[in-house]
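Below is one structure, written out as C-alpha cells; the observations come after it.
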Amino acid sequence: MNPAIRRAPVRSASAAALLMAVTACSGNTQEHAPAGTAPASAGQQTTASTPPSPSPRSTPMETKVRVTLDGRDVEATLNTSPAARDFTELLPLTLDLEDFHSTERVAGLPRKLDTSGAPEPAAAKAGDIAYYAPWGNLALFYRDGPAPSADLLVLGHLDVQADQLGRATRITVEATS
C-alpha cells in the first residue's frame with residue numbers, strides 16, 4: 001500500500017478534530033455569557049460582571065459602636081473583618097490612651113485579637129481605628145499612618161476632628177443594641 005494513502009485518514013482525522021475545536025471556541029458567546037452581560041461584538045472581549053469589592057473603610061455590613069472620647073460622644077463604625085468582630089467581643093471597653101509618634105493614640109487591649117483572614121494591608125488614615133498585631137494594641141490615628149503593613153489591621157473609623165482625637169486621653173467603646 002502506498003504510504004501517502006495510509007497517512008490520508010490520519011490527516012483528515014486531525015483536521016476534523018482541529019475544526020471541531022475551533023468551531024466550539026468561536027460559537028455564540030451569548031450562550032455561555034453570565035446573565036446580565038451583553039455578547040461581545042467583533043474585536044471586543046467579554047468579562048464577567050462582578051460587583052466592586054468594598055474598601056476596608058466602607059463595607060455594606062459595617063457595625064455601629066458607641067464611642068466616647070474624654071466623655072464626648074463620637075460616631076464610629078467597625079468593618080466586618082474577623083479582627084473587628086473579635087474586638088466587639090471585648091466590649092464594653094474603657095482604655096487610657098497615650099500618644100505614639102505624634103500620629104496615633106494607642107492603648108493595650110486585654111488580649112490579642114484574631115487576625116486570621118485579614119484583608120489586604122491598607123495604610124491607616126486619620127480617624128481610623130486599627131489593631132497593631134505584634135503588640136496587641138488599639139491605635140486611633142489622628143494623622144495618616146505609615147505605608148500599608150500586614151501587621152496593622154484597620155478595624156473601622158471614627159468620625160471625629162483630628163485635633164480632638166490627638167488630645168484624647170480616654171476612650172470607651174460599647175456595642176449598640
Measure the [atom1]-[atom2] distance between [X] and [Y] for me, rounded to the nearest 0.5 Å.
X: L153; Y: L113; atom1: CG; atom2: CG; result: 8.5 Å
X: D73; Y: T68; atom1: CG; atom2: OG1; result: 6.5 Å
X: D128; Y: N79; atom1: CG; atom2: CG; result: 9.5 Å
X: T77; Y: L155; atom1: OG1; atom2: CG; result: 11.0 Å
X: L78; Y: L158; atom1: CG; atom2: CG; result: 9.0 Å
X: L95; Y: T169; atom1: CG; atom2: OG1; result: 12.0 Å

Closest heavy-atom contact between [X] and [Y]?
X: D70; Y: R167; result: OD2-O, 3.9 Å
X: V154; Y: A122; result: CG2-O, 4.2 Å
X: T80; Y: E62; result: CG2-N, 4.4 Å
X: P148; Y: A123; result: CG-N, 3.6 Å

Verify, without hydrogens or angle tests, whether [X] (side chain) and [Y] (backbone) share a donor-acceptor contact under 3.5 angstrom.
X: Y131; Y: A83; value: no
X: N137; Y: A107; value: no
X: T176; Y: K64; value: yes
X: S116; Y: D114; value: no

Report summary line: Residues joined to L152 in its hydrophobic cluster, side chain to side chain under 4.5 Å directly or through other members, sorted by chain and number, are F100, V106, Y132, W135, F141
Query raised in the report: In this structure, are over 12 heavy atoms from other groups packed under 6.0 Å from E174 atom CD?
Result: yes
Query raised in the report: Can you list every pair that meets salt bridge (charged side-chain N to carboxylate O under 4.0 Å, His left out) and has a residue in residues 78-94, with sequence neighbours left out?
Result: D86-R111
Report task. Can you run down the salt bridge (charged side-chain N to carboxylate O under 4.0 Å, His left out) pairs that involve residues 94-110, sequence neighbours left out, and say none if there aren't any? Result -> D96-R170, D99-R105
Report task. Carefully, step by step, assess L109 and L93 under the rule side chain to side chain contact (heavy atoms under 4.5 Å, CB included). Result -> CA-CA 9 Å; L109 292 174; L93 194 59; 3.8 Å; yes
